*Asks:* 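The structure is given below, and queries will be raised subsequently.
Order of appearance sets the numbers: ligands from 1, and atoms from 1 within every ligand. Bear in mind that the values here come from a model prediction, so they are computed numbers and not experimental data.
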Amino acid sequence: MRIILLGPPGTGKGTQGKFIIKKYNIPHISTGDILRENISSGSIIGEKIKNTMIQGKLVDNNIICDLITKRIQKKDCDNGFLLDGFPRNIEQAQYLSRKKINIDYILELLIPYKLILERISGRRIHLNSGRIYHIKFNPPKEKNIDDFTGEKLCIREDDKIEIVKKRLKEYIQLSQPLTQYYQEKKIQDNLKYFQLNGANTLSEVKKNIDFILKNSYF
Ligand code: AP5
């Protein structure tokens, strides 16, 4: 089971990704999480990545493709994986194709852009695990504390409003050619490409994804 999750910032890719990987027992490969780990490590490359991310821009394709290749080669990906945040542009999609990394499903979460700021401004994360909360829609049991470790939650540095606006602008520019690319593949290669309403409640989106994966795998 190889799945790609597409969608604008704050649409729920990370949140739904966590449900999918649990159910299908596949690893969650989130490029955002991998990049944040690199930043936390304090490496030189991490510093470079941080400077790009806080400008709301995409990290260099070579860096990302290299990180993805290394991650997919790991043994736990033998039975599939979920890609969250990759590909983000045509070059990255073509990279997968060139490397003959075939994909079974593309699930694209769509959301009116006006909802994005509400989603992102209430987001809190547990940095070490990548667990995602929302102060209103998915609150932790105790305010600002991770349910499992008791550690403090934090706000992502790139969740500041002015950076989110730039991330969204970047997304709008790149998403149309990318979805067009996959729409064509859907016809040529019989790719299972589904668009879902990400504006629904968390459990409704989950139910719709479950339905798709259960009923169209074979
Ligand atoms: P990344 O971390 O991937 O960010 P993103 O794609 O912008 O997506 P987000 O993580 O912001 O949102 P999400 O869709 O996962 O939503 P979530 O589930 O958290 O990338 C960050 C940066 O890294 C990029 O800007 C770029 O610089 C770099 N990067 C990453 N990949 C790259 C690549 N391939 N190439 C180059 N650069 C790359 O949900 C959001 C909030 O809403 C949460 O609080 C959640 O609880 C809540 N929520 C979720 N679903 C619902 C719902 N249905 N109803 C109500 N609330 C909900």
Side-chain angles (χ1 to χ4, degrees), residues 4-21 28-39 46 48-69 71 82-96 107-113 115-127 129-140 144 147 153-161 163-175 178 196-209:
I4 287 176
L5 276 181
L6 295 180
T11 194
K13 302 182 295 298
T15 303
Q16 296 300 331
K18 302 232 179 298
F19 295 135
I20 298 172
I21 56 149
H28 187 174
I29 305 181
S30 154
T31 38
D33 285 348
I34 296 175
L35 293 171
R36 281 183 284 279
E37 278 162 27
N38 272 274
I39 294 174
K48 199 173 159 195
I49 290 169
K50 183 178 174 182
N51 287 336
T52 309
M53 280 172 75
I54 58 169
Q55 290 179 58
K57 291 188 180 155
L58 289 194
V59 172
D60 179 81
N61 280 338
N62 291 328
I63 296 179
I64 287 286
C65 292
D66 194 38
L67 289 170
I68 283 288
T69 309
R71 183 61 189 89
L82 176 110
L83 289 178
D84 164 3
F86 185 96
R88 264 181 148 90
N89 56 28
I90 294 270
E91 291 75 22
Q92 294 178 7
Q94 286 168 337
Y95 178 83
L96 285 179
L107 304 175
E108 184 180 9
L109 298 177
L110 302 171
I111 183 176
Y113 295 140
L115 281 186
I116 288 176
L117 283 186
E118 187 186 20
R119 291 265 179 104
I120 288 190
S121 60
R123 172 163 54 195
R124 300 292 181 271
I125 61 160
H126 178 243
L127 200 55
S129 66
R131 268 186 291 280
I132 305 162
Y133 299 86
H134 191 283
I135 51 172
K136 185 168 155 198
F137 303 123
N138 185 26
N144 223 22
D147 288 350
L153 301 179
C154 58
I155 298 177
R156 272 172 44 179
E157 211 170 330
D158 62 345
D159 277 355
K160 292 186 183 121
I161 287 188
I163 304 179
V164 175
K165 285 183 181 159
K166 288 184 189 154
R167 284 164 56 197
L168 186 56
K169 201 171 155 206
E170 184 100 336
Y171 175 84
I172 292 169
Q173 256 177 21
L174 298 171
S175 68
L178 184 64
L196 294 106
N197 183 358
N200 283 331
T201 63
L202 237 138
S203 57
E204 278 167 341
V205 180
K206 178 174 180 280
K207 201 170 80 188
N208 292 338
I209 291 178

*Asks:* For Y133, counting its heavy atoms only, list the atoms of ligand 1 lying under 4.0 Å from any of them.
*Replies:* 43 (C), 44 (O), 46 (O)
*Asks:* Answer yes or no: is there a side-chain heavy-atom contact under 4.5 Å between I4 and L96?
*Replies:* yes
*Asks:* Is there side-chain contact between T15 and V205, with at least one heavy-atom pair below 4.5 Å?
*Replies:* no
*Asks:* Using a 4.0 Å cut-off to any heavy atom of F137, which atoms of ligand 1 qualify?
*Replies:* 55 (C), 56 (N)
*Asks:* Does L35 approach ligand 1 within less than 4.0 angstrom via side chain, backbone, both or neither, non-hydrogen atoms only?
*Replies:* side chain
*Asks:* Quick one: look up the protein heavy atom nearest atom 43 (C) of ligand 1 and list residue, atom name and how far away it is.
*Replies:* I132 CG2, 3.5 Å
*Asks:* Which heavy atom of the protein is the closest neighbour of atom 12 (O) of ligand 1, given with residue, atom name and distance?
*Replies:* G10 N, 2.8 Å
*Asks:* Taking atom NZ of K18 as the centre, does the number of heavy atoms from other residues, nucleotides or ligands within less than 6.0 Å exceed 12?
*Replies:* yes
*Asks:* Quick one: does ligand 1 sit under 4.0 Å from the side chain of T15, the backbone, both or neither, non-hydrogen atoms only?
*Replies:* both
*Asks:* Determine whether I68 and Q92 make a side-chain contact, defined as any pair of heavy atoms from C-beta on separated by less than 4.5 Å.
*Replies:* no
*Asks:* N/O of V205 under 3.5 Å from N/O of ligand 1, yes or no?
*Replies:* no
*Asks:* Please state which part of N200 comes within less than 4.0 Å of ligand 1, counting heavy atoms only: side chain, backbone, both or neither.
*Replies:* backbone
*Asks:* Around atom 37 (N) of ligand 1, find the nearest protein heavy atom and jot down its residue, atom name and distance.
*Replies:* V59 N, 3.0 Å
*Asks:* At a 4.0 Å threshold, what atoms of ligand 1 neighbour a non-hydrogen atom of G14?
*Replies:* 13 (P), 15 (O), 18 (O)
*Asks:* Distance to 0.1 Å, residue and atom name: give those for the protein heavy atom nearest to atom 34 (N) of ligand 1.
*Replies:* G85 O, 2.8 Å
*Asks:* Using salt bridge (Lys or Arg N to Asp or Glu O under 4.0 Å) as the criterion, point out the one residue from R119, R36, R123, K165 that pairs with D159.
*Replies:* R123
*Asks:* Which atoms of ligand 1 have any heavy atom of T31 under 4.0 Å away?
*Replies:* 30 (C), 31 (N), 32 (C), 34 (N)
*Asks:* What do you reckon, does E204 put a non-hydrogen atom under 4.0 Å from ligand 1?
*Replies:* no
*Asks:* Take every heavy atom of P8, measure it against each atom of ligand 1, and state whether any distance is under 4.0 Å.
*Replies:* yes
*Asks:* Hey, are the side chains of I63 and N38 touching, using non-hydrogen atoms and a 4.5 Å cut-off?
*Replies:* no
*Asks:* For atom 19 (O) of ligand 1, which protein heavy atom lies nearest, and how many Å away is it?
*Replies:* R123 NH1, 2.6 Å
*Asks:* What atoms in ligand 1 come closer than 4.0 Å to a heavy atom of T201?
*Replies:* 53 (N)
*Asks:* What's the separation between atom OG1 in T201 and atom NZ in K206, rounded to the nearest 0.5 Å?
*Replies:* 11.0 Å
*Asks:* Given that the side chain starts at C-beta and the backbone is N, CA, C, O, which of these parts of R36 lies under 4.0 Å from ligand 1, counting heavy atoms, or is it both or neither?
*Replies:* side chain
*Asks:* Could you tell me whether ligand 1 has any atom less than 4.0 Å away from a heavy atom of G7?
*Replies:* no
*Asks:* Are the side chain of Q94 and the backbone of N89 linked by a donor-acceptor contact shorter than 3.5 Å?
*Replies:* no
*Asks:* With a 4.5 Å heavy-atom cut-off, do D33 and D84 have their side chains touching?
*Replies:* no
*Asks:* With heavy atoms only and a cut-off of under 4.0 Å, state how R156 meets ligand 1: side chain, backbone, both or neither.
*Replies:* side chain
*Asks:* With side chains defined as the heavy atoms from C-beta onward, is the minimum distance between I120 and I161 less than 4.5 Å?
*Replies:* no
*Asks:* Any heavy atom of D158 closer to ligand 1 than 4.0 angstrom?
*Replies:* yes
*Asks:* Which option wins on minimum heavy-atom distance to atom 46 (O) of ligand 1: K166, R88, E170, H134?
*Replies:* H134
*Asks:* Is it the side chain, the backbone, both or neither of K13 that has a heavy atom closer than 4.0 Å to ligand 1?
*Replies:* both
*Asks:* Do F19 and I209 come within less than 4.5 Å of each other through their side chains, counting heavy atoms only?
*Replies:* no
*Asks:* Under 4.0 Å from a heavy atom of R167: which atoms of ligand 1 are those, numbered in the order shown and with their elements?
*Replies:* 4 (O), 5 (P), 7 (O), 9 (P), 11 (O), 25 (O)
*Asks:* If only atom types and distance count, is the side chain of Y113 paired as donor or acceptor with the main-chain N or O of P8 below 3.5 Å?
*Replies:* no
*Asks:* Going by an N to O cut-off under 4.0 Å, is there a salt bridge joining R88 and E170?
*Replies:* no
*Asks:* Is any side-chain heavy atom of L58 less than 4.5 Å from a side-chain heavy atom of L174?
*Replies:* yes
*Asks:* Write out the residue and atom name of the closest protein heavy atom to atom 23 (O) of ligand 1, then the distance separating them to 0.1 Å.
*Replies:* M53 CE, 3.4 Å
*Asks:* Looking at K13 and G85, would you say the former's side chain and the latter's main chain have a donor-acceptor pair under 3.5 Å?
*Replies:* no
*Asks:* Which ligand 1 atoms are under 4.0 Å away from a heavy-atom of K57?
*Replies:* 26 (C), 27 (O)
*Asks:* Tell me, which protein residue and heavy-atom name are nearest atom 16 (O) of ligand 1, and how many Å apart are they?
*Replies:* G12 N, 3.1 Å
*Asks:* How far is atom 48 (N) of ligand 1 from its nearest protein heavy atom, and which residue and atom is that?
*Replies:* R119 CD, 3.7 Å
*Asks:* Please check: side-chain N/O of T52 versus main-chain N/O of V59, any donor-acceptor pairing under 3.5 Å?
*Replies:* no
*Asks:* Within ligand 1, which atoms have a heavy atom of Q92 less than 4.0 Å away?
*Replies:* 33 (C), 34 (N), 35 (N), 36 (C)
